Colleague: 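Handing you a structure now.
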Amino acid sequence: MSQPRPSAAEPTPRVVVPAGTTAGTAIREAGLPGKGADAVVVVRDAEGRLRDLSWTPDADAEVEPVAANTDDGRAVIRHSTAHVLAQAVQQQFPEAKLGIGPPVRDGFYYDFDVDRPFTPEDLQALEKRMKQIVKSAQRFSRRVFDSAEAAKQELAGEPFKLELVDVKGDSGVDTDEVMEVGGGELTIYDNLDPRSGERVWGDLCRGPHVPTTKHIPAFKLTRVAAAYWRGSEQNPQLQRIYGTAWESQEAQDAYLERLAEAERRDHRRLGVELDLFSFPDEIGSGLAVFHPKGGIIRRELENYSRRRHEEAGYEFVNTPHITKSGLFYTSGHLPYYAETMFPPLQFEGEDYYLKAMNCPMHHLIFRSRGRSYRELPLRLFEFGTVYRYEKSGVVHGLTRVRGLTMDDSHIYCTPEQAPAELRSLLRFVLDLLADYGLSDFYLELSTRGDTGKFIGEEHEWEEATETLRQAALDSGLELVPDPGGAAYYGPKISVQARDAIGRSWQMSTIQVDFNHPKRFELSYTAPDGSRQQPVVLHRALFGSIERFFGVLTEHYAGAFPAWLAPVQVVGIPIADEHVAHLEQVAKALRARGVRVEVDTSDDRMQKKIRNHTTQKVPFMLLAGAKDVEAGAVSFRFRDGGQINGVPVDRAVEVINGWIERRENSSPTAEGVRVEH
RNA sequence: GCCGCCUUAGCUCAGUCGGCCAGAGCGGCUCACUCGUAAUGAGCAGGUCAAGGGUUCGAUUCCCUUAGGCGGCUCCA
């Protein structure tokens, strides 16, 4: 989860730190704040390196003050808070060995090797100790080790830190995550008692830190989890404590409120509340069933996509859910992905696998007869259901499932057609996502890494990568590199969409593939009569429909646009005698294809409004004696707004128009214009 | 897959330090009420306390196994 955009960097005045004085003194003399949310916590030197306020340059140095309420400032606060946590842990559990403790997005963590896992009660006790430490205003004091040997001697009791000292030479360790070592020298930060100057605690660390623990305005421990040492399954698991820290209590409260909002939007919760889908234990983990209301949303999503694909020149195909193993050997998915495919069924002397990817089947359709260049680009599309054996610990709501339906298509084109095809493809994908209400995008370019998983020739990869990069740049969107993130058969662009509360989700992927055409011996006859190999472009727009469904549910917080809403209109009579009038209105709406119900239950009218509001029905139409007499209805919207006495014909027209235009915003009294 | 936590009525959750008929709200059903913009009232039904095994005179409660869920780690074509 991310916060809704880092605040724009304010123009920061530079400050000159005279030789021999501390940065802190210079900052104070420049009149910059030392307290509050915009307090300067560290400075950035001419090389861009963050320095402690106690840093004392040998020569006059121009520095940029870094305030608490900036991304860098928060990271420093969080990193310092991680130290406070570690100190508290070692006070409470003297046998605890230290792992690493970096800041992360919105917070920090620290890993510990302890005899038993932490309990929620431990967290409370630790938080209390941390508050005492913060209050005691210990100074963070930087000390440089004379040599690696000196460091190892002092850290003899900390096996994990020793390991970090040893691997310090490896450039790979000097990352944002491992903040213990780096920057050319080995340093330790001592925590000093402000009165006695006595060393209370210390930790191998490259820094920088806030001047004292008092400069941690707000923090909270959030959860415990296990994590592998240095991120490898081969290594022992340590106990990780996560926490968050902010430049002010208000900022922290706002963050916690964002978490609460995310929880309210959780599609798993809304799925139950709105009766959209469920995961029956009897079927198995990660296998969803869609209930009638979820089914309507899904059908609308799919139908609109079908229509757009048809308009864009796609042809629709269907393929089976199971296949002999040979096909996946030809494609190369086996043995690469054997671990994430369901184990095979054996019969008639063959291994049959549940389909984990649609592409091989589509290739067989292409190959089913001779192809001419005149047919290209040939665009095959399918809502293809695939099954993947996701490990038990990763299955998560609709976003990570074991059975999913991809809106998968494969485009077969000549190498010359590929660049233009990619450009229009990207445009198509972005336009379509926008039609569903997602409009804030950036792109990620996933390229080949140096592991052995990638097949094919270097020059082909380079060519394909360049083609993709060009298409991505042409889109004008921000492009983030993702080295090593490619599929084994080719590079990809993925479209990342930010939702209504600023979280980003990977949506569509577009891949260039020159390996499958080779492996499947795909060919077409060129104008000169020669046989040529096509390029295959793989793309999924939703990724998986299940996942897209989940993302949209959270994006709209369950209040789906009217065109997607399972129930678009509910008629609410003031009393039983007004039912007939509403039935007439419903009939007129139904004739236009609107999904409408009249609530004839025994509930009072107020209760009905409440029920349908919590069910997030976009249009409620009330009718009492006044409306019946006037041949009218009264609108009530999800936000509580209302428009009374609208003539029935006009009401039908307004609702139908709103749905047909596929308005993605929630209808309101202001947004719906009933006058002609 | 690994670590930790969790599983009590359709949903959300009390409760049982091992012992009498396991509770509430919402939801469902029945009846009364016919009401102008977010909860009318009364009554009724609903649980082998996730499943299996063990310890015990006695297990929903303690232990083990399995399944499912949650939070992370690893993974995600």
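Order of the sequence lines sets the chain letters (A, B, ...), proteins ahead of strands, with each chain counted from 1. This is a predicted model, so every value here is computed, not measured. We use all heavy atoms of the structure for the numbers below, so side chains are in, but hydrogens, waters and symmetry mates are not.
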Colleague: Under 6.0 Å between ring centres: does that hold for Tyr488(A) and Tyr337(A)?
Modeller: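 Judged by ring-centre distance (under 6.0 Å), Tyr488(A) and Tyr337(A) do meet the cut-off.
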
Colleague: For Ser232(A), answer base if it contacts any base atom (sugar-phosphate contacts may also be present), sugar-phosphate if it contacts only those atoms, and nothing otherwise; contact means non-hydrogen atoms under 4.0 Å.
Modeller: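 No contact at all - Ser232(A) keeps every heavy atom at 4.0 Å or more from the nucleic acid.
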
Colleague: Which part of the nucleic acid does Arg223(A) contact within heavy-atom distance under 4.0 Å: base, sugar-phosphate only, or nothing?
Modeller: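 Counting heavy atoms under 4.0 Å across all strands, the contact made by Arg223(A) is with sugar-phosphate only.
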
Colleague: Between A38(B) and Thr614(A), counting only base atoms on the nucleotide and side-chain atoms on the residue, is there a donor-acceptor pair under 3.5 Å?
Modeller: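 When only heavy-atom distances are counted, Thr614(A) does not reach the base of A38(B) through any donor-acceptor pair under 3.5 Å.
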
Colleague: G36(B), C11(B), G4(B): which one has an atom nearest the side-chain heavy atoms of Pro117(A)?
Modeller: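 Side chain of Pro117(A) sits closest to G4(B).
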
Colleague: Quantified in whole Å, what is the P atom distance between nucleotide A9(B) and nucleotide A14(B)?
Modeller: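 Straight-line distance between the two P atoms is 13 Å.
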
Colleague: Looking at the side chain of Val395(A), which of G69(B), U40(B), G1(B) is the nearest nucleotide?
Modeller: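 Nearest to the side-chain atoms of Val395(A), counting from C-beta on, is G69(B).
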
Colleague: Taking the side chain of Arg636(A) as its heavy atoms from C-beta onward, which of C73(B), U37(B), U34(B) lies nearest to it?
Modeller: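 Nearest to the side chain of Arg636(A) among the choices is U37(B).
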
Colleague: When all nucleic acid strands are considered with a 4.0 Å heavy-atom cut-off, which category describes Lys626(A): base, sugar-phosphate, or nothing?
Modeller: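 Counting heavy atoms under 4.0 Å across all strands, the contact made by Lys626(A) includes a base.
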
Colleague: Side chain of Lys391(A): nearest nucleotide among A39(B), U74(B), U34(B)?
Modeller: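 Taking heavy atoms from C-beta onward, the closest nucleotide is U74(B).
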
Colleague: So what's U12(B) paired with, Watson-Crick or G-U wobble, going by both distances under 3.5 Å?
Modeller: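 A24(B) - that is the nucleotide pairing with U12(B), both distances being under 3.5 Å.
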
Colleague: In whole Å, measure the gap between the C1' atoms of U61(B) and U7(B) for me.
Modeller: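 The answer is 14 Å between these two C1' atoms.
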
Colleague: Below 6.0 angstrom between ring centroids: does that apply to Phe112(A) and Phe93(A)?
Modeller: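 No: the rings miss the under 6.0 Å criterion.
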
Colleague: Tell me what Thr613(A) touches on the nucleic acid: a base, only sugar-phosphate, or nothing, going by heavy atoms under 4.0 Å.
Modeller: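 Base contact.
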
Colleague: Check every strand shown and say whether Gly231(A) touches a base, only sugar-phosphate, or nothing at a heavy-atom separation below 4.0 Å.
Modeller: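 Sugar-phosphate only.
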
Colleague: For Asn611(A), report the nucleic acid contact type (base, sugar-phosphate, nothing); a contact means any heavy atom under 4.0 Å.
Modeller: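 The residue Asn611(A) makes no contact with any strand.
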
Colleague: Distance check needed: G28(B) C1' versus Asp603(A) CG, whole Å only.
Modeller: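 These atoms are roughly 12 Å apart.
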
Colleague: What about Gln642(A): does its side chain form a donor-acceptor pair under 3.5 Å with the base of U37(B)?
Modeller: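 Such a pair exists between side chain and base.
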
Colleague: Regarding His396(A), tell me which of base, sugar-phosphate or nothing describes its non-hydrogen contacts under 4.0 Å with the strands shown.
Modeller: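 Sugar-phosphate contact only.
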
Colleague: A39(B), G69(B), U37(B): which one has an atom nearest the side-chain heavy atoms of Lys607(A)?
Modeller: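 Closest of the options to the side chain of Lys607(A): A39(B).
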
Colleague: Tell me which nucleotide, if any, is Watson-Crick or G-U wobble paired with G68(B) when both distances must be under 3.5 Å.
Modeller: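 Base partner found: C6(B).
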
Colleague: For Tyr337(A) and A77(B), say yes or no: do the ring centres fall under 5.5 Å of each other while the ring planes differ by less than 30°?
Modeller: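 By the stated criterion, Tyr337(A) and A77(B) stack.
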
Colleague: Categorize Gln511(A) for me: base, sugar-phosphate, or nothing, with a 4.0 angstrom heavy-atom threshold over every strand shown.
Modeller: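 Since only primed, P, OP1 and OP2 atoms lie under 4.0 Å of Gln511(A), the category is sugar-phosphate.
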
Colleague: Hey, could you give me the OH/CG distance between Tyr353(A) and Leu327(A), rounded to the nearest 0.5 Å?
Modeller: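 One finds 12.5 Å between OH of Tyr353(A) and CG of Leu327(A).
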
Colleague: Please tell me which of Val628(A) and Tyr489(A) maps to the more 5' nucleotide of RNA chain B, matching each residue to the nucleotide holding its nearest heavy atom.
Modeller: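 The 5'-side residue here is Val628(A).
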
Colleague: Using atom C1' in both nucleotides, what's the gap between C75(B) and G58(B) to the nearest angstrom?
Modeller: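 Here C75(B) and G58(B) have their C1' atoms 47 Å from each other.
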
Colleague: When you measure only distances, ignoring hydrogens and angles, does the side chain of Asp281(A) come within 3.5 Å of the base of G69(B) through a donor and an acceptor?
Modeller: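 No such pair is found, so the answer is no.
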
Colleague: Using a cut-off of less than 4.0 Å, is there contact between a side-chain N or O of Ser285(A) and OP1 or OP2 of G69(B)?
Modeller: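 So the side-chain polar atoms of Ser285(A) do come within 4.0 Å of the phosphate oxygens OP1 or OP2 of G69(B), strictly under.
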
Colleague: In this structure, is the centre-to-centre distance between the rings of Tyr489(A) and His538(A) below 6.0 Å?
Modeller: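 Centroid distance His538(A)-Tyr489(A): below 6.0 Å, so yes.
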
Colleague: Checking all strands, does Tyr228(A) fall into the base, sugar-phosphate, or nothing category for heavy-atom contacts under 4.0 angstrom?
Modeller: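 Counting heavy atoms under 4.0 Å across all strands, the contact made by Tyr228(A) includes a base.
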
Colleague: To the nearest Å, how far apart are Asp266(A) CG and G69(B) P?
Modeller: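 Distance check: Asp266(A) CG to G69(B) P gives 14 Å.
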
Colleague: Reckon Tyr242(A) has a side-chain N or O less than 4.0 Å from the OP1 or OP2 of C73(B)?
Modeller: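 True: Tyr242(A) side-chain N/O within range (under 4.0 Å) of C73(B) OP1/OP2.
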
Colleague: Among C76(B), A32(B), C3(B), find the nucleotide with the atom closest to the side chain of Arg400(A).
Modeller: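 Side chain of Arg400(A) sits closest to C76(B).
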
Colleague: Which of these nucleotides, U34(B), C73(B), A39(B), is closest to any side-chain atom of Arg240(A)?
Modeller: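 Nucleotide nearest to Arg240(A)'s side chain: C73(B).
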
Colleague: If I take atom CD1 from residue Ile411(A) and atom NE2 from residue His362(A), how far apart are they, to the nearest 0.5 angstrom?
Modeller: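 Rounded to the nearest 0.5 Å, the CD1-NE2 separation comes out at 12.0 Å.
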
Colleague: Which of these nucleotides, A77(B), C73(B), C3(B), is closest to any side-chain atom of Gln237(A)?
Modeller: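 Of A77(B), C73(B), C3(B), C3(B) is nearest to the side chain of Gln237(A).
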
Colleague: Quick one: sort the Tyr556(A) and Phe560(A) rings into parallel, tilted or perpendicular, breaks at 30° and 60°.
Modeller: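 It falls in the tilted class, 30° to 60°.
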
Colleague: Using purine N1 to pyrimidine N3 plus N6-O4 or O6-N4 for Watson-Crick, or N1-O2 and O6-N3 for G-U wobble, both under 3.5 Å, which nucleotide pairs with G58(B)?
Modeller: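 When the pairing criteria are applied, nothing turns out to pair with G58(B), so the answer is none.
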
Colleague: Return the 5'-most residue of the pair Gln506(A), Ser634(A) with respect to RNA chain B, ranking by each residue's nearest nucleotide.
Modeller: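 Residue closer to the 5' terminus by nearest nucleotide: Ser634(A).
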
Colleague: Using modelled atom types only, decide if a donor and an acceptor are shared between the side chain of Ser278(A) and the backbone of Pro280(A) within a distance under 3.5 Å.
Modeller: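 No; judged by distance alone, with no hydrogens or angles, the pair does not exist.
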
Colleague: Identify whether any heavy atom of Gln239(A) sits under 4.0 Å from a base atom; if not, whether one sits that close to sugar-phosphate; answer base, sugar-phosphate or nothing.
Modeller: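 If one applies the 4.0 Å heavy-atom cut-off, Gln239(A) turns out to touch the sugar-phosphate alone, with no base involved.
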
Colleague: How far does the C1' atom of G23(B) sit from the matching atom of U16(B), given to the nearest Å?
Modeller: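 My reading of the C1' atoms in G23(B) and U16(B) gives 11 Å.
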
Colleague: Are more than 12 heavy atoms from other residues, nucleotides or ligands located less than 6.0 Å from atom NZ of Lys220(A)?
Modeller: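 For Lys220(A), atom NZ is not crowded (no more than 12 foreign heavy atoms under 6.0 Å).
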
Colleague: Base, sugar-phosphate, or nothing for Ala356(A), non-hydrogen atoms under 4.0 angstrom?
Modeller: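 Counting heavy atoms under 4.0 Å across all strands, the contact made by Ala356(A) includes a base.
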
Colleague: Give me the distance, rounded to whole Å, that separates G43(B) from G27(B) when you measure between the P atoms they each carry.
Modeller: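 Taking atom P in both G43(B) and G27(B), they lie 16 Å apart.
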
